[in-house]
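All residue numbers in this chain count up from 1 along the given sequence.
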Amino acid sequence: MGDIVVLVPHEEGTAALADVPGITAVAYDPNGELPAAAESAQVLVPPFLATREAVALTRKLPELRLVQLLSAGAENWVGRLPDGVALSDCRGAHGGATAEWIVATLLAVYRHLPRFVRAQDEARWDYHFTDELAGKRVLIVGAGDVAENTEHRLAPFDVEVTLVGRRARDRVHGIDEVLDLLPHHDACVVVVPLTDDTRGLVNAEFLAAMPDGAVLVNAARGPVADTDALTAELTGGRLRAALDVTEPEPLPADHPLWTAPGLLITPHVGASVPGALRRAYEVVAEQLGALARGERPPNLVEDGY
């Protein structure tokens, strides 16, 4: 039996997988003609943060068995693959970088950095007291890799962290408890995958349960939050927020979120750092190594958080 042929969208991918026994990696152009190896390819690695349009590539690969993502988010692929084709995400590659973004934006919101930057642009000395991250109570909704990395990075700030997952387990509350937990936390960080269960999770009822002045941080996906409900809370000045993702995305120039008070927006850059691709292919190598040994890849996508 020959090697498993894997199509990768980067030359870095062929190099990263070169030493994985039982794997032959072939580079392809996602926007061009597929190489001849596509006829026998059993694994497709789409580009990082590939959109739904990339799903069409799977229809051109007659021997496809697995789609291996470079991102942790799998919402563009779930339920859209041909019968018999499995899906595996890149959980474990981007948790550290995303957690760093979460801590950075919490610090920015509490220490009023956006306001100071605007004052600097106007050459205006805007001295005033700010809030602080130290001693805050932070609720993290989602209890996977990003949540674990975020909890670790918040520890030096003497932050009290509470974790929420799909089901209750050791040190993790179930999602059915979230409305009771929200009033007792200064900030809520959302890091769940986008599924049918989490779409619209952060709705008007969820936001209303947060105490006055609380901070919402969405590092998950835009549709996890109800944009209209969030806009209403921000416009009224009751809550603050930091968003790396929005619905819609990209956010149109005339969208009211751009001018909502107390809001820090970044353009989905939480995991977009120099080491992202290297770490992603390290996870891919582990996944495909397991596949080549006849084992189940650890990151096969399941509905949970």
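Shown here for Leu163 and Ala147, the closest heavy-atom pair between the two residues is CD2-CB, 4.1 Å. Between Leu300 and Gln287, the closest heavy-atom pair is N-NE2, 4.4 Å.
Ser88 pairs in a side-chain contact (heavy atoms from CB on, under 4.5 Å) with only one of the listed residues (Val67, Asn299, Leu291), which is Asn299. Tested against Phe48 for a ring-ring contact (aromatic ring centres under 6.0 Å, His included), the candidates His10, His94, His268 yield a single pass: His94.
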Determine, stepwise, if the pair Lys136 / Asp131 fulfils salt bridge (Lys or Arg N to Asp or Glu O under 4.0 Å). CA-CA 10 Å; Lys136 291 295 189 290; Asp131 203 341; 2.9 Å; yes
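Remark: Thr227 pairs with Thr231, Glu247, His255, Leu257 by the side chain to side chain contact (heavy atoms under 4.5 Å, CB included) rule, at least two apart or across chains.
Thr266 places none of its side-chain heavy atoms less than 4.5 Å from the side chain of Leu243. Counting heavy atoms from C-beta outward, Leu230 and Leu216 have side chains that approach closer than 4.5 Å.
Salt bridge absent: Arg111 and Glu132 never bring a charged side-chain N and a carboxylate O closer than 4.0 Å. With salt bridges taken as basic N to acidic carboxylate O contacts below 4.0 Å, one links Glu233 and Arg238.
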Could you go through residues 19-33 and list every donor-acceptor pair under 3.5 Å that involves a side-chain atom there, pairing it with any protein atom two or more places apart or in another chain?
{"unit_1": "Thr24", "atom_1": "OG1", "unit_2": "Asp3", "atom_2": "OD2", "d": "3.0"}
{"unit_1": "Tyr28", "atom_1": "OH", "unit_2": "Val45", "atom_2": "O", "d": "2.8"}
{"unit_1": "Asp29", "atom_1": "OD1", "unit_2": "Asn31", "atom_2": "N", "d": "2.9"}

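Side chains of Asn76 and Arg80: a donor-acceptor N/O pair is absent below 3.5 angstrom, by distance only.
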